[in-house]
Number of protein chains: 2
Amino acid sequence: MEPIYKETSKILKAISDAKRLRIVDMLSCGELCACKILESFDITQPTLSHDMKVLVEAGIVNDRRDGKNIYYSLNMEKLEGLLSKLNVMFYEKEDCICNKKKDHHRM
Amino acid sequence: MEPIYKETSKILKAISDAKRLRIVDMLSCGELCACKILESFDITQPTLSHDMKVLVEAGIVNDRRDGKNIYYSLNMEKLEGLLSKLNVMFYEKEDCICNKKKDHHRM
DNA sequence: TAAACATATTGACATTTTTCTATATGTGTG
DNA sequence: CACACATATAGAAAAATGTCAATATGTTTA
């Protein structure tokens, strides 16, 4: 499979969980520490920690430590890049995959 | 969980598979029958049938029968709706979830 | 340095997803 | 109507994901 699909699908997978999508929405107003996010859900702390790791590893969320707390914020460049890639894929274009042959680059 | 996240995550889940994302990209130039799509991947026919069902049930792909063949095409309204919703979620807004309290509408 | 607090990791389990083989269904053709 | 062709469904196995309790790690403060 072409890298563009693998990379994009990794980000999509990260936000394809309703709870993680809600976390991204929460972060759109600015950074939040894990404890604040946790207050907003009925999940355990390890579950949130795992979810934040998924978002960070997908590259769409940044983390920074300040004392005991970890603060998370959106990586807008990555998110804009995602919207841009989806836009290209959803609409017809010059050098289109539609003109390509069988995929020999398996996943 | 609020319906907006559940609905959006269902669509994201549908395209969070690299192969299905590639299928969406292929359909951006116009409708294709299942057999044409199948030629483009190293998967079995039932696997493609299942993948197309996921895309159709997410509402982003339409299907129509013409004789022996099923033709698939993109539902642009749904895809535009997705981009629009993501745009709202990624950027700060007036009536923001950031100002909301604990989520009592569990999934 | 010991205790308290915030977050991460481990290991386990249940659920969901992916993909296959075998088979069924629907449609056109000889 | 029997056969060929295109697609769908059923059932099973493997892999990935979501979630928890228990515990570890890192940080601040008494």
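Below, read A as the first sequence line, B as the second, and so on, with proteins coming before strands; counting in each chain starts at 1.
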- Task: Measure from NZ on B:K53 to C1' on C:dT17 and round the result to the nearest Å.
- Result: 14 Å
- Task: For B:M52 and C:dT18, give me the distance from atom CE to atom C1', rounded to whole Å.
- Result: 16 Å
- Could you pick out which residue, A:K13 or A:Y71, lies toward the 5' side of DNA chain C when each is mapped onto its nearest nucleotide? A:Y71
- Message: So, does B:T44 get its side chain near the phosphate of C:dC20, meaning an N or O under 4.0 Å from OP1 or OP2?
- Response: yes
- Query: Any donor-acceptor pair under 3.5 Å between the side chain of A:Q45 and the base of C:dA6?
  - Reply: no
- Item | Length of the CG-C1' vector between B:D66 and C:dG28, whole Å | 12 Å
- Message: Measure CD/A:E39 against P/C:dT7 and give the value in whole Å, please.
- Response: 10 Å
- Whole angstrom is fine here: how far is it from CG in B:D17 over to C1' in D:dT17? 14 Å
- Query: Could you give the distance from CD1 (B:I37) to CD1 (B:I23), rounded to the nearest 0.5 Å?
  - Reply: 5.5 Å
- Between A:S16 and B:P46, which has a closest nucleotide on DNA chain D that is more 5'? B:P46
- Item | Under 4.0 angstrom between B:R65 side-chain N/O and D:dT7 OP1 or OP2 | no
- Item | Selection from D:dT19, D:dT7, C:dT9 that lies nearest to any side-chain heavy atom of A:H50 | D:dT19
- Query: Which listed nucleotide (D:dT27, D:dT7, D:dA21) is nearest to the side chain of A:K68?
  - Reply: D:dT27
- Are A:L27 and A:L55 side-chain neighbours, meaning at least one heavy-atom pair lies under 4.5 Å? no
- Taking CZ from A:R64 and P from C:dT7, how many angstroms apart are they, rounded to a whole number? 12 Å
- Task: Any chance you could lay out the salt bridge (charged side-chain N to carboxylate O under 4.0 Å, His left out) test for B:E39 and B:K36, step after step, and finish with the verdict?
- Result: CA-CA 5 Å; B:E39 279 177 15; B:K36 276 291 167 198; 3.6 Å; yes
- Item | Any B:S49 side-chain nitrogen or oxygen under 4.0 Å from OP1 or OP2 of D:dA8 | yes
- Message: From the set D:dT7, C:dC20, D:dG18, return the single nucleotide nearest to any side-chain atom of B:I43.
- Response: C:dC20
- Say whether, by atom type as modelled, one donor and one acceptor occur between the side chain of B:R20 and the main chain of B:D51 under 3.5 angstrom. no
- Please state whether the phosphate of D:dT19, meaning OP1 or OP2, lies under 4.0 angstrom from any side-chain nitrogen or oxygen of A:K19. yes
- Item | Nearest-Å distance for atom pair CG/P, residues A:N69 and C:dA8 | 10 Å
- Task: Send over the distance from B:D63 CG to D:dT9 P, rounded to a whole Å.
- Result: 10 Å
- Side-chain N,O (B:T47) to OP1/OP2 (C:dT18) below 4.0 Å: no
- Are B:L74 and B:V61 side-chain neighbours, meaning at least one heavy-atom pair lies under 4.5 Å? yes
